[in-house]
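Everything below concerns the one structure shown next.
Ligands are counted one by one from 1 in listed order, and the atoms in each one are counted from 1 as well. Starting from 1, each residue takes its place in the sequence as its number. Atoms considered below: every heavy atom in the structure, side chains included; atoms not considered: hydrogens, waters and symmetry mates. Every value quoted in this text rests on a predicted model; they were computed, and no experiment measured them.
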Amino acid sequence: MPTKVEMEKIVSLCRRRGFIFPSSEIYGGLSSCWDYGPLGVELKRNVKQAWWRAVVQERDDMVGMDASILMHPQTWVASGHVEGFSDPLVECKSCHLRWRSDDLEGDNCPSCGGELTEPRLFNLMFKTFMGPIEKEANIVYLRPETAQGMLVNFQNVVNTTRKRLPFGIAQIGKAFRNEITTGNFIFRSREFDQMEIEFFVKPGTDKEWFNYWLEERLNWYVKLGIKKENLRLRQHAKEELAHYARECYDIDYLFPMGWAELEGIANRGDFDLVQHAKCSGKSLNYLDEETKEHIVPYVIEPSAGVDRSVLAVLCDAYDEEQDEDEIRVLLHLQPSLAPIKVAVLPLSRREKLVAVAKKIYADLRQCWMVNYDDTQSIGRRYRRQDEIGTPFCVTIDFQSLEDEQVTIRERDTMNQIRIPISELKTTLQAKMDGESLLVLPPGGKIWKIEREEG
Ligand code: ATP
């Protein structure tokens, strides 16, 4: 049975160490909005970078883009959001709290037990006005998903990149939803980041590509270091399918509050391109060069949330170990995700030691995010780094002044190896790449251990 960390522990660590704060906290916070602090912003960037690398950088059949958040309002008419992007809302007749009726277990208000109104549909899109006059004709929406920005640019991308089917567009960006019920920390907020792919294929090959992306995306989370037993695929039942979807699966993660969606993967058929062609009057056909026929591609859409990935990564990495009389809190983040890759720790503040440590610090930060810390005991400094997931600490001691060697201490095993300063960068790089190294004898030759497959 997989073990679950309590959400309070994650929230408290994030607050304490500067990963995530409540938005505009000095004013009492803004409901369901969050600010990523100095460590959180690094973790989030690393998650986005890992995704971009896997779906754009390392592939021939994908390109990226960055569409604007505000789009022509007709976009949302065509996509069906104006008409149908709604949740059923009920209101308590006594305390006036509002709830999503499909989230409720009983017939009464979960807060005061009062009687509830009949459900009415509540559109989740945030509205604002374009230009200086606040009138109906000037309404624009904050996009509730990044997908439409890519779909309306289908023809632009085909024309400028000469990509041929099958190919995809990827985008990372903000989305906004005026959610009725929020909560569970950054799991459901009103402003969040999405990482979405629109993958265009020939009709008839859609099932095959749908299955391909299911596997590809599930494996991405495993490669990110998330335990397989905490991930599952869940197929949407017919009655649960969105209006545009022919088939849909969720990738769920076992969050502290239970299984919940990390990413949705849908076969959207030709719904979007047909709709946008109809509403814009522009052809979104594609000329199939083999058959010389004009076709409307089908779209496979893997749609992930950055914040939910960040939360899953944190929950999965969190660990507590008994270390003598203390509990050692640590994040087993893989090096590519860790906000800080290396901490440089001089054993004392003596001038000579500091000079060497500062030089190492200046050199290493050319390659990675590096912390320099010379406060408190070395044990405490190690603990502080463990808690934020720093995989390696480099300690400079008095012996270093004589033999030009330093100690690398590893977060997970607490093993220490001593190596020449001249070998430090290459050794750290090899370790970050997951290579096992053996250093024999202290300060001597470095041996690379071949990794066993599997
Ligand atoms: P849910 O059923 O949880 O409301 P959804 O099915 O409406 O999610 P999609 O429209 O499929 O979500 O959006 C794709 C992804 O965007 C989700 O898998 C999730 O990771 C992320 N996402 C959606 N809504 C939110 C939100 N309010 N806060 C944070 N992330 C979100």
Is the backbone N or O of E179 less than 3.5 Å from a side-chain atom of D87, with the two atoms forming a donor-acceptor pair by type?
no
For atom 15 (C) of ligand 1, the closest protein heavy atom turns out to be S303 O, 3.7 Å
Which heavy atom of the protein is the closest neighbour of atom 3 (O) of ligand 1, given with residue, atom name and distance?
R188 NH2, 2.9 Å
Closest approach of any protein heavy atom to atom 19 (C) of ligand 1, naming residue and atom:
R308 NH1, 3.5 Å
Nearest non-hydrogen protein atom, atom 7 (O) of ligand 1:
R177 NH1, 3.1 Å
Taking atom types as modelled, is there a side-chain donor on Q148 or T75 under 3.5 Å from an acceptor on the other?
no
Can you report which non-hydrogen protein atom sits closest to atom 18 (O) of ligand 1, along with the distance?
E261 OE2, 2.6 Å
Nearest protein heavy atom with distance in Å, relative to atom 16 (O) of ligand 1
Q194 NE2, 3.2 Å
Residue and atom name of the nearest protein heavy atom (relative to atom 28 (N) of ligand 1), distance in Å to one decimal
S189 N, 3.0 Å
Please determine whether any non-hydrogen atom of L262 lies less than 4.0 Å from an atom of ligand 1.
yes
Any atoms of ligand 1 less than 4.0 Å from a non-hydrogen atom of E179? List them with their elements.
24 (N), 26 (C), 27 (N)
So, F255 versus Y253, ring centres under 6.0 angstrom or not?
yes
